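What follows is a single structure, and I will ask about it in a moment.
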Amino acid sequence: MNKPIAGDSVSAVRLVDRVALSVLSDIVDRDLIEETLTVCGKRGQRVRLLPPHVVVRFCQAMCLFYEDDYEEVIMKLKAVP
């Protein structure tokens, strides 16, 4: 597993992980996620800490990096612009 160095979380994410997430976000962009949530009737009914589109992206990343801990997946998501 790719453990981040304390205080250096963005640079600790491997380039291949950043590319994988970037390609995923190109294929499944935010507009598609928002449209899908609307069609399925799963738009946010209340204001929560994480908006629904962020939760979907996190779930996608957890599937992509199934061997990593939740915290590592979040660090990888934060590293992608």
Side-chain angles (χ1 to χ4, degrees):
M1 286 188 227
N2 186 25
K3 296 286 182 187
I5 301 167
D8 196 21
S9 60
V10 172
S11 64
V13 176
R14 297 178 321 167
L15 178 61
V16 69
D17 295 340
R18 292 168 76 174
V19 169
L21 286 169
S22 181
V23 169
L24 179 64
S25 66
D26 286 345
I27 294 170
V28 183
D29 63 352
R30 181 176 173 175
D31 292 337
L32 180 59
I33 293 172
E34 295 283 353
E35 180 182 342
T36 304
L37 288 168
T38 301
V39 168
C40 294
K42 299 299 178 184
R43 298 289 317 140
Q45 297 173 353
R46 296 182 293 271
V47 176
R48 301 211 181 244
L49 188 58
L50 294 175
H53 73 275
V54 174
V55 174
V56 170
R57 186 70 72 203
F58 179 60
C59 289
Q60 291 173 331
M62 286 190 307
C63 292
L64 191 60
F65 305 111
Y66 59 90
E67 293 181 348
D68 293 343
D69 298 330
Y70 293 151
E71 293 84 9
E72 292 176 62
V73 175
I74 289 290
M75 294 307 240
K76 291 176 183 182
L77 280 172
K78 286 173 42 177
V80 177

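Bear in mind the structure is a predicted one, so any value in this text is a computation, not a measurement. Keep in mind that the numbers below use all heavy atoms, side chains included, and drop hydrogens, waters and symmetry copies.
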* Do the side chains of D68 and K76 get nearer than 4.5 Å, heavy atoms only? -> yes
* If Ile, Leu, Val, Met, Phe, Trp and Tyr residues are connected whenever their side-chain heavy atoms lie under 4.5 Å apart, and connections chain through other members, are V73 and V16 in the same group? -> no
* Structure fact -> Taken to the nearest 0.5 Å, the spacing of D17 CG from L64 CG works out to 7.5 Å
* Asked: Out of curiosity, T38 OG1 to R43 CZ, how far, rounded to the nearest 0.5 Å?
  -> 4.5 Å
* Donor-acceptor contact present, side-chain S22 to main-chain R18, <3.5 Å -> no
* If you measure from CG on L21 to CZ on R57, what distance do you get to the nearest 0.5 Å? -> 8.5 Å
* **N/O donor-acceptor pair under 3.5 Å between D69 side chain and E72 backbone** => no
* To do: Indicate the atoms forming the closest heavy-atom contact of V54 with L50, along with that distance.
  => CG1-CD2, 3.9 Å
* **Atom pair CD1 (I27) and CD (Q60), whose distance is rounded to the nearest 0.5 Å** => 10.0 Å
* Asked: Nearest 0.5 Å, what's the CG-CZ distance between L77 and F65?
  -> 8.0 Å
* Shared hydrophobic cluster for V55 and I33 (ILVMFWY, side-chain gaps under 4.5 Å) -> no
* Spacing of H53 atom NE2 and E34 atom CD [to the nearest 0.5 Å] -> 6.0 Å
